[in-house]
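Data first, discussion second: the structure below is written as structure tokens.
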2 protein chains.
Amino acid sequence: MLTKTEENYIKEIFTIETITKKDVSTNSIAKKLDTKPSTVTDMLKKLATKKLLSYQKYKGVKLNNKGKTIALSVIRKHRLWETFLVKKLNFSWDEVHEIAEQLEHIKSDKLTNRLDQFLGFPTVDPHGDPIPNANGEFTKTKTICLTKLTINTESIFVEVKNASDKFLKYLSKNNIAIGSKIKILYIEEFDNSVDILVNNKQINVSESVAKNIYLNN
Amino acid sequence: MLTKTEENYIKEIFTIETITKKDVSTNSIAKKLDTKPSTVTDMLKKLATKKLLSYQKYKGVKLNNKGKTIALSVIRKHRLWETFLVKKLNFSWDEVHEIAEQLEHIKSDKLTNRLDQFLGFPTVDPHGDPIPNANGEFTKTKTICLTKLTINTESIFVEVKNASDKFLKYLSKNNIAIGSKIKILYIEEFDNSVDILVNNKQINVSESVAKNIYLNN
DNA sequence: AATTATTTTTAGACTAATCTAAAAATAATT
DNA sequence: AATTATTTTTAGATTAGTCTAAAAATAATT
């Protein structure tokens, strides 16, 4: 049985590994978990003896299958609870993370699976992140380009096609982030620019911007 | 901010205090929490310095108002989560305790109060125990033991005194649940066992069972 | 390639929660 | 009241998770 702390390390390593696709460094973990590298080293040794990851001095770590399974289970719980908080208890999607950080460590497979069922087996959480199923698999979510969305529908921004600095800067300047709920209002026939509602504010984005925004389908 | 362990001590002290109405002894706490008296002594000193209870060497402890408030908050969360598990996730009432032991330590007043609302502000949990409201008050309902009920009267089963796994299993095996209408038919003078009518079926329950069944008065 | 900078590990220490074993205080019983 | 039994506390250790400071390894830069 893993402690809460051990689960947090495993989860964080999984997340970093998924993004960087390289062995995970001690420092990167320390930064994310807001702890000291020496503390991380100690924990990595412990997790290695528990056979959840492979660790080589000075070379970083890599989760093995057992480690990945645990990471996915914690992530699954986190995202199911976030969904519960938003869908059933009417929390807004920006205030659920901290609570889900606590709830993700509740140990009961039966609870997790009943919650999943109660929520109707959702495949994405309120931020648009995929929810692994009971076997740790996510169903590849089909995404749709903003330019293809039906007028007046609302969806969650889940993916950027062009992740250039300039584009991401444009998005943050306009308060659009992965996870943002976007409602499409109107497509201007003259220049194919799009009127959207995001954070209760209406803005107009050009066709080249719209082409890079993908939403849940 | 209290740790999970500290909360468990406070909750247990509150429970013992409520039953015995005396200062709570080191040994009684140790037995309930399945730990050693020496460990309890250490914790009592700590909780005393945190001003949650008054502690006198060899004399036992007594919660102060701050301690009681914390105990009631934990109990409130425990009973709300049990209610959620039974009412919304279709758990049976004999399998919710362990999960609620974990959930009761989740820290978010907003979550607790939203959950309360989501459940329709219940006043009793699935075992018939009263749920303190957001201010730590419960609406005390008067109940009467099955052994004290007048022959041939009918009442609703609202509370169990002993919520042990074995007892709850016995009840569900015999189709007796919180909310069941029970009519008392006869008290056997020889062994004080009781003939009751429940779900239109007559059964006989032993004195020790009857003593743990409480009904509306 | 040598030097400098950065990253990672080691060594030693601290807090929370626990234990065992022994000592001290209190309660019960001759 | 003296003795015995029980309860409680103290003293000293242990494990998990953390820290600081110094040493060692690796990476970057002259």
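Each chain gets a letter, A, B and so on, in the order the sequences are listed, and its residues count up from 1.
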Flag for B:S25-B:S28: side-chain donor and acceptor within less than 3.5 Å: yes
Residue-phosphate contact under 4.0 Å: B:K59 side-chain N/O, C:dA25 OP1/OP2: no
Protein-nucleotide distance (B:M1, atom CE; C:dA16, atom P), rounded to Å: 15 Å
Ring geometry between B:F84 and A:W81 (parallel below 30°, tilted from 30 to 60°, perpendicular above 60°): tilted
Distance test, side-chain N/O of A:K57 to OP1/OP2 of C:dT10, below 4.0 Å: yes
Contact nearer the 5' end of DNA chain D, comparing B:L44 with A:E6: B:L44
Distance below 4.0 Å between A:Y9 side-chain N/O and D:dA16 OP1 or OP2: no
Whole angstrom value for the distance that separates P of C:dT18 from NZ of B:K36: 13 Å
Within the 6.0 Å centroid threshold, strictly below: B:H97 and B:H127: no
Heavy-atom closest pair, residues A:V74 and A:K11: CG1-CD, 3.7 Å
Touch class at under 4.0 angstrom, heavy-atom based, for A:S38 against every strand present: base
Sugar-phosphate only, base, or nothing, as touched by B:T39 at under 4.0 Å among non-hydrogen atoms: base
Paired stretches of DNA chain D - 3 or more consecutive Watson-Crick or G-U pairs, each distance under 3.5 Å: C:1-30 with D:1-30
Minimum-distance nucleotide (side-chain atoms of A:D42 versus D:dT8, D:dA24, D:dT18): D:dT18
side-chain N/O B:T26 vs D:dT9 OP1/OP2, d < 4.0 Å: yes
Touch class at under 4.0 angstrom, heavy-atom based, for A:T41 against every strand present: base
Sugar-phosphate, base or nothing in reach of A:K45, heavy atoms under 4.0 Å: sugar-phosphate
Audit row: B:V61, B:L44, side chain to side chain contact (heavy atoms under 4.5 Å, CB included) steps and yes/no: CA-CA 8 Å; B:V61 289; B:L44 296 183; 3.8 Å; yes
Atom pair distance, as rounded to whole Å: NZ in A:K4 and P in C:dA16: 16 Å
Phosphate-side-chain proximity, B:Y55 and D:dT9, N/O vs OP1/OP2 below 4.0 Å: yes
Interatomic distance, B:K22 NZ vs C:dA27 C1' [rounded to whole Å]: 13 Å
N/O (side chain, B:N27) to phosphate O (OP1/OP2, D:dT8) under 4.0 Å: yes
Nearest-0.5 Å distance that lies between atom CG in A:L111 and atom CG in B:L89: 6.5 Å
Interatomic distance, B:I196 atom CD1 to B:F157 atom CZ [nearest 0.5 angstrom]: 9.0 Å
Of the listed nucleotides C:dA16, C:dT8, D:dT9, the one nearest the side chain of B:T3: C:dA16
For the student: nearest non-hydrogen atoms of A:L80 and A:L115, plus distance: CB-CD2, 4.0 Å
Integer-rounded Å distance: C:dT18 P and B:I29 CD1: 13 Å
